[in-house]
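Quick notes on the structure that follows.
One-based numbering along the sequence shown. Only this structure's heavy atoms are used, side chains among them; waters, hydrogens and symmetry mates stay out.
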Amino acid sequence: THARHIGEALRNARKKLELTEEACARACGLSDSCYADVELDDAEFFMNISLGTARRICRLLHLDLMALTSQYLGSDILPMPHGELSIADRSPATDAQFYGRHQLILDTRLARGMTDEELADAIGFEVITVRELEQHPTVETLPINVVVTTAIVLDLDPGQLLCDRA
């Protein structure tokens with residue numbers, strides 16, 4: 001059956017694997033209540049837990065992070081410029097690409113003639129978030145909505161920033 005919300009997709013996958021919420025929470029480094037919230041509220045998955053934690057959940061449940069993001073990251077969470085999120089690049093990244101995502105963000109911003117303040121305004125976050133994105137390979141520590149919004153604003157394929165290592 002097709003799940004209507006990402007929490008439902010996560011719950012269905014967890015039950016198929018006969019895992020409890022508590023087991024998933026422990027395996028992914030979350031408190032029991034935090035994991036329960038992820039299954040209850042789509043915004044939790046996209047706005048509150050980190051990309052790295054979302055990736056751990058998807059690996060544990062044998063789910064495709066990019067497919068889930070493309071399917072469930074809706075306009076109620078993130079304004080979509082063309083209606084729905086399109087992730088064309090779903091290929092695994094080399095180590096250089098994976099650990100160089102911060103440089104891709106910086107290089108793309110500079111090539112577009114944007115200041116860090118302009119990018120911060122465009123993605124709806126403080127300048128410190130942009131500086132973190134550009135100076136450290138910390139993309140995995142940020143929520144998916146920040147990563148995807150940054151990609152959209154910079155006209156990058158979100159897959160380039162959501163990618164997993166090969």
Side-chain angles (χ1 to χ4, degrees), residues 3-10 13 28 30 34-35 37-61 63-94 96-112 114-166:
R4 293 182 35 178
H5 299 282
I6 193 163
E8 187 178 343
L10 298 172
C28 297
L30 295 173
C34 183
Y35 184 83
D37 288 347
V38 168
E39 284 192 4
L40 288 174
D41 183 0
D42 287 1
E44 285 291 319
F45 188 83
F46 294 114
M47 299 175 72
N48 292 336
I49 64 171
S50 69
L51 170 58
T53 299
R55 191 180 310 286
R56 284 192 300 278
I57 291 169
C58 287
R59 281 186 188 137
L60 177 68
L61 300 178
L63 296 171
D64 181 324
L65 175 68
M66 283 200 235
L68 288 174
T69 300
S70 181
Q71 185 173 357
Y72 293 107
L73 186 60
S75 58
D76 55 327
I77 296 172
L78 182 70
M80 294 295 145
H82 307 293
E84 81 176 44
L85 179 64
S86 173
I87 301 176
D89 186 354
R90 295 175 186 236
S91 57
T94 64
Q97 291 167 322
F98 184 80
Y99 292 111
R101 291 176 290 176
H102 64 294
Q103 193 64 48
L104 174 63
I105 293 167
L106 174 62
D107 292 347
T108 304
R109 176 181 63 78
L110 293 174
R112 300 223 180 333
M114 292 179 83
T115 66
D116 53 0
E117 291 89 359
E118 290 169 332
L119 179 56
D121 287 344
I123 67 172
F125 288 87
E126 298 293 324
V127 173
I128 190 72
T129 302
V130 171
R131 292 181 181 152
E132 287 284 323
L133 276 167
E134 294 178 346
Q135 295 174 7
H136 309 285
T138 59
V139 174
E140 292 292 302
T141 66
L142 295 168
I144 292 173
N145 72 309
V146 174
V147 176
V148 171
T149 302
T150 300
I152 290 168
V153 166
L154 293 175
D155 201 27
L156 293 169
D157 186 299
Q160 291 178 280
L161 300 182
L162 293 174
C163 62
D164 200 359
R165 292 183 307 190

With [X] via side chain to side chain contact (heavy atoms under 4.5 Å, CB included) - residues at least two apart:
X    : value
T53  : L30, I49, S50, R56, I57
A151 : L156, P158, L161
Q135 : R131
D107 : Q103

task: From the options I152, N145, T150, select the one residue that forms a side chain to side chain contact (heavy atoms under 4.5 Å, CB included) with V148.
output: I152
field: Summary of salt bridge (Lys or Arg N to Asp or Glu O under 4.0 Å) pairs that have at least one residue in residues 134-147, sequence neighbours excluded
entry: R55-E140, R101-E140, R109-E134
- request: Under the side chain to side chain contact (heavy atoms under 4.5 Å, CB included) rule, what do L65 and I144 come out as? Steps first, then yes or no, please.
  value: CA-CA 10 Å; L65 175 68; I144 292 173; 3.9 Å; yes
To the nearest 0.5 Å, tell me how far [X] [atom1] sits from [Y] [atom2].
X    : Y    : atom1 : atom2 : result
L162 : M66  : CG    : CE    : 6.0 Å
Q160 : Q97  : CD    : CD    : 8.5 Å
L10  : L40  : CG    : CG    : 11.0 Å
L142 : T149 : CG    : OG1   : 11.0 Å
F45  : L51  : CZ    : CG    : 8.5 Å
E132 : I105 : CD    : CD1   : 11.5 Å

message: Determine whether a donor-acceptor pair (N or O, by modelled atom type, separation under 3.5 Å) exists between the side chain of D42 and the backbone of I6.
response: yes
task: Verify, without hydrogens or angle tests, whether E118 (side chain) and T115 (backbone) share a donor-acceptor contact under 3.5 angstrom.
output: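 Yes: the side chain of E118 pairs with the backbone of T115.
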message: Please determine whether side chain to side chain contact (heavy atoms under 4.5 Å, CB included) holds for the pair T69 and F46, giving the CA-CA distance in whole Å, both sets of side-chain angles, and the decisive distance to 0.1 Å.
response: CA-CA 8 Å; T69 300; F46 294 114; 4.0 Å; yes
A9 to L63 - nearest heavy-atom pair and separation: O-CD1, 4.3 Å
Results of side-chain hydrogen bond (donor to acceptor under 3.5 Å, both in side chains) for R112 - residues two or more places apart only: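 Scan of R112 (side-chain hydrogen bond (donor to acceptor under 3.5 Å, both in side chains), adjacent residues dropped) gives none.
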